[in-house]
Each structure stands twice: as C-alpha cells, then as structure tokens.
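Have a look at the structure below, then the notes.
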2 protein chains.
Amino acid sequence: MPSEKPWRIPKVAVTVDLAVLTVRDGALQILLVKRGIEPYQGMLALPGGFIASTEEDIEAAAERELAEETGLTADQLHLEQLRTYGTPERDPRQRVITVCYLALVPDLPMPTAGGDARAASWVPVAHVLNDDAEIAFDHRSIIADAVERARSKLEYTTLAAAFCRTEFTMTELRRVYEIVWGVELDPRNFHRKITSVDRFLIPTGHRTTRDGGRPAALYRRGTVAVLHPPILRNSDPVTVS
Amino acid sequence: MPSEKPWRIPKVAVTVDLAVLTVRDGALQILLVKRGIEPYQGMLALPGGFIASTEEDIEAAAERELAEETGLTADQLHLEQLRTYGTPERDPRQRVITVCYLALVPDLPMPTAGGDARAASWVPVAHVLNDDAEIAFDHRSIIADAVERARSKLEYTTLAAAFCRTEFTMTELRRVYEIVWGVELDPRNFHRKITSVDRFLIPTGHRTTRDGGRPAALYRRGTVAVLHPPILRNSDPVTVS
DNA sequence: CCAAAAGTGTTATTAATACACCCATGC
DNA sequence: GCATGGGTGTATTAATAACACTTTTGG
C-alpha cells in the first residue's frame with residue numbers, strides 16, 4: 001500500500017464510464033453518445049466523464065452521470081462496477097484510467113438527453129460487436145465485457161427483472177432471457193422454473209392482456225438476488241492458454 | 001467520456017493492491033504485510049503500491065508487485081482484477097483510489113520478502129474476517145470481497161487447480177474445494193465429477209503415495225477454464241433490499 | 001367459431017447423491 | 001494382516017427437457 005515516498009506519487013486523470021444496457025425492440029441495446037470533439041470526433045462512445053472533484057466518490061460519480069444521461073436514479077435500476085481499464089495508450093491525449101460501471105435499465109420512455117445537451121441514443125449491441133459501428137477509444141471491448149457480464153449474471157442472479165418495468169408478465173421476463181442470451185426457451189418450463197424459485201417474483205394480483213391471448217398475471221421484482229441453482233444457458237466450453 | 005474541459009481535470013493518486021490467496025496448512029490464507037509507517041502503522045495491510053509512473057500499465061503494476069512480494073511470475077498463477085475502491089475517505093492523507101487484483105497461488109516454499117525488505121506473511125482469512133486481526137484502511141472489506149470472488153469462481157471455473165502445484169492428486173484438489181468453501185465433499189463422487197469434465201485435468205501418468213494409502217494418480221491443469229455445468233456449493237439464498 | 005398466448009400435467013432423460021465394495025500401497 | 005486412502009459400481013433421488021393438453025381472452 002502507500003509506500004515510503006509520498007512526495008513522488010504520479011497522479012492520473014480518472015473517468016467514470018457507463019455501459020447502460022436495456023432490452024428494446026427485441027434486441028439488447030446500449031446507450032452511446034456521439035463525440036463532439038477530438039479525438040474520435042463523430043464516433044460513438046460510452047457516456048461518462050471525469051470525476052467532478054478529487055473528493056467525489058466513484059460510485060456517486062457513476063450515479064450522477066447516469067442521472068444526467070437518462071434521468072434515472074439509483075433505485076430504479078441496477079448499477080454495478082464492471083471493471084477498470086487503464087492501459088497507458090487508451091487515450092491519445094494523456095494517461096486516463098476509467099472505472100466502468102454496468103447499468104441495467106428497463107425500456108422506459110427516455111427523456112432524450114435529460115438536462116444534458118449531448119445526443120445519447122440506443123444502439124443494438126450486435127451492431128457494436130459486429131464492427132458495424134465506429135466506436136471511440138477501447139470502448140468496443142468494454143462493451144463486449146459489459147454484455148458478457150450481463151449474460152452471465154442472468155444465469156445466477158434475478159437481474160433479468162432489472163430490464164423489466166415495475167409490473168411485468170412472465171413472457172416479458174422470458175423475452176429478456178431469450179434476447180440477451182440469443183436462445184429460445186420453452187414458455188411452459190420457464191414459467192414453472194421461475195415460479196418455483198421462492199421470492200424471485202411477487203404476484204401483484206393484476207392481469208394484463210397486452211401480449212394478446214389469455215390474460216397473464218403481472219409480477220413485481222422479488223427480494224431474492226442470487227439464484228440457487230442457477231438458470232444455465234447452454235454454451236460451448238471455454239478454454240484457456 | 002473526456003468532457004469539454006481538459007484544463008480542469010482533477011488528478012488522483014492510484015495504487016494497485018493485491019489480494020494473494022493460497023491454501024496452506026488446511027486453511028485459506030492471504031498474504032499481508034505489516035505497515036511500517038503511519039497511518040495504521042503496525043497493522044496488517046494488503047501488499048501493493050502506487051503505480052510506478054503515469055505510463056505504467058495497471059496490469060503490469062500488479063504483476064510487478066506480485067513478483068516483488070512473492071517472486072512468482074504471471075505464468076505460475078492466476079491473476080485477475082477484483083475491483084476498484086475509491087471512497088474519498090479511505091486514505092486519511094489524501095485521495096487515493098486503488099485498483100485491486102486477486103491472485104490465486106499454490107502453497108510454494110515462498111522466498112519470504114523476495115528482493116523486497118517488507119515482512120510479508122500468510123494470515124488465515126478466518127482471522128481477518130472474524131476481526132481477530134487489525135487491518136489497515138478498508139482492506140478488511142476488500143479481503144472479504146476477494147474471498148467471496150474466489151469462492152464463487154471455484155463453482156464455475158477450473159481455478160481450484162490454481163491453488164495446486166504443477167502435479168497434484170485428486171484429493172489435493174478436493175481439499176482445495178473443501179477448505180475454500182468450508183464443506184466436506186464425498187471423495188468418490190468428487191473424483192467422478194472432475195474426471196467426467198473433459199480437459200479439466202490431464203493425467204501425467206505419474207503416481208504418488210504422499211497422502212498415504214493406495215498410490216494416487218497425478219494430474220496437471222487442463223485447458224478448460226469455464227465449467228458447464230458448474231460445481232455448486234450449497235448455500236442459503238441471498239436477498240436484496 | 002378460430003387464433004393466440006397462459007398455464008398445468010405427464011413422461012423421458014439426465015444429473016446429483018449416498019454408499020457398498022474392491023484395489024494397492026506402507027507398516 | 002491391517003490401516004489408509006484410491007477408485008468403480010449401483011441404486012435412489014432430484015432436476016431438466018420435451019410436449020400433450022386445457023384455459024381464457026380478442027376478434
């Protein structure tokens with residue numbers, strides 16, 4: 001920890017960047033802003049910014065940026081630290097390390113650029129990962145990390161519900177899994193599996209017919225955060241070295 | 001990202017701290033150093049230090065610190081970023097944010113303070129988490145995060161083998177799980193489970209009788225990194241809010 | 001009536017668990 | 001021989017997957 005030479009400490013600029021994911025129009029999408037200045041002018045980048053002062057908490061900075069970009073406050077969404085990126089060359093101007101946060105938000109009618117003047121827009125992550133979009137800095141690989149984190153978190157937590165509005169149907173929750181994982185799930189087995197997990201979902205007693213057909217029960221997010229056992233997606237074994 | 005006012009960027013000091021875990025004498029232990037200076041003089045802290053220059057990569061700084069403390073290089077162990085801690089009050093002298101890394105190492109005859117003069121020692125994590133040891137800064141909660149990360153990684157990756165030497169027996173691997181999770185596992189079912197995972201372990205053809213009894217086959221780490229399906233520990237459901 | 005989606009029951013398959021039993025060594 | 005740990009077989013139980021079938025709405 002703090003060594004014996006406090007008079008020779010290199011100080012660096014620290015930014016907080018946000019990977020804000022939502023499920024929208026049948027696709028996993030990420031909130032990106034078009035850069036107005038060099039470097040990477042005109043390219044898409046994660047929303048974020050330098051910490052406001054040397055005394056601003058990192059977590060608070062993330063919440064502040066998120067409120068600026070989306071108008072959402074911390075109790076309406078899921079926010080967690082993703083990881084910190086700090087290779088020396090990642091910003092051509094100067095050494096900048098960035099602490100990235102992952103936010104999962106429902107598909108709300110977004111106040112486009114709430115307060116802030118920057119043009120934030122939703123971009124399907126498939127476009128980003130397929131090289132169909134020009135992405136500034138190392139943000140493409142950060143987005144890849146964010147998507148992978150979200151995908152694996154659906155397996156062993158109840159975070160899929162973070163993509164849903166306050167009240168949602170079992171089918172809407174299932175669509176989240178299907179879209180984020182890119183798979184098809186049996187509606188009947190899914191229903192049974194989810195309802196068998198105690199306190200994953202709380203029935204509100206309300207019903208809706210917005211998906212067509214027989215009215216579906218509406219649920220709210222429950223109090224369980226971790227799933228034991230997890231809901232596993234099928235995937236090929238990942239190897240190393 | 002980088003906002004429109006590069007002339008007013010607050011810069012902060014950045015440290016890299018290491019949570020180095022090993023399984024030793026039947027317990028999960030962490031490498032800690034005794035602080036020689038204020039603040040928290042005489043208390044135990046995670047090894048680490050300021051990044052050496054504004055151009056040093058964070059990952060490289062972690063590897064450098066690890067080599068200084070243990071003499072181990074990156075190919076002999078597992079090293080991953082844990083998370084970044086940056087509350088303004090965490091260092092009473094000045095604003096310091098720390099990027100923490102988690103290292104899993106085998107129980108090797110450690111060159112105690114390899115090169116570096118600091119007195120590093122192994123401390124059972126149970127002592128740390130039970131408040132039986134005085135821990136500097138916010139390092140106790142960082143250690144708790146590191147231990148939880150290691151515990152959950154054993155479930156869905158092959159990282160348990162990172163705690164073992166180059167060649168190890170099935171029983172030695174099982175002891176890792178038992179010690180890290182604090183459970184007992186059936187040796188027979190464990191043996192079958194592990195051997196049924198393709199490329200988790202590679203038989204070396206060698207045998208040993210170091211655990212007593214019938215000679216056991218020796219294995220090396222295989223090439224699979226992620227376990228599908230995971231090996232689940234039994235745990236109580238975790239709730240939120 | 002028909003289409004569409006919700007939800008339940010039943011069965012086949014697969015994985016997890018418990019434990020009986022034999023094997024190969026040191027002493 | 002006997003103790004100790006290594007390793008296989010097998011029966012029981014539980015979780016998963018596939019899918020037939022009934023329910024309840026809108027048109």
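Protein chains get the first letters and strands the later ones, always in sequence-line order, with residue 1 at the start of each.
As a whole-Å value, the separation of B:Glu184 CD from C:dA16 P is 20 Å. Rounding to whole angstrom units, CG of residue A:Leu218 and P of D:dT25 are separated by 14 Å. Regarding B:Glu155, its CD atom lies at a distance of 13 Å from the P atom of C:dA16, rounded to whole Å. One interatomic measurement links the two molecules: NE2 of B:His228 to C1' of C:dA15, which rounds to 16 Å at whole-angstrom precision. The CG-P distance, from A:Asp186 to C:dT8, rounds to 14 Å in whole Å. We find that CG of B:Leu173 is positioned 18 Å from P of D:dG5, with the value rounded to whole Å. The distance between atom CZ of B:Phe190 and atom P of D:dG7, rounded to the nearest whole Å, is 12 Å. Taking atom NZ on A:Lys193 and atom P on D:dA18, their separation rounds to 13 Å, with Å as the unit.
Phosphate proximity of D:dT24 to A:Thr209: absent, as no side-chain N or O sits under 4.0 Å from OP1 or OP2. Here B:His191 reaches the OP1 or OP2 of D:dT8: one of its side-chain N or O atoms lies under 4.0 Å away.
The closest side-chain donor-acceptor pair between A:Asp211 and A:Thr169 falls under 3.5 angstrom. When only modelled atom types and interatomic distance are considered, A:Tyr101 and A:Glu59 share a side-chain donor-acceptor pair under 3.5 Å.
In this structure a side-chain-to-backbone donor-acceptor pair under 3.5 Å is missing from A:Glu65 to A:Ala62.
Set against C:dG7, C:dC23, D:dT24, the side chain of A:Pro215 has D:dT24 as its closest nucleotide. Among D:dG7, C:dG7, C:dA18, the nucleotide with an atom closest to any side-chain atom of B:Asn189 is C:dA18. Distances were taken from every side-chain heavy atom of B:Arg192 (C-beta onward) to each of D:dG7, D:dT25, D:dG9; the shortest belongs to D:dG9. Listed nucleotides C:dA6, D:dG5, D:dG7 differ in distance to B:Asp211; the shortest reach to its side chain belongs to D:dG5.
Test A:Met170, A:Glu167, A:His206 against A:Tyr219 for side-chain contact (heavy atoms from CB on, under 4.5 Å) and you get one pass: A:Met170.
Mapping B:Glu172 and A:Gly212 onto DNA chain D via the closest heavy atom, the residue that lands nearer the 5' end is B:Glu172. Looking at which nucleotide of DNA chain C each of B:Pro229 and B:Gly213 is closest to, the 5′-most match is held by B:Pro229. Where A:Arg188 and B:Leu232 each meet DNA chain C at their nearest nucleotide, the meeting point lying more 5' is that of A:Arg188.
If you check every strand for non-hydrogen atoms under 4.0 Å, B:Thr169 touches nothing.
In the interface, the side chain of B:Arg214 is not paired with the base of C:dA24 through any donor and acceptor atom under 3.5 Å apart.
Between atom CZ of residue B:Arg210 and atom CZ of residue B:Phe168 there is a gap of 10.0 Å, rounded to the nearest 0.5 Å.
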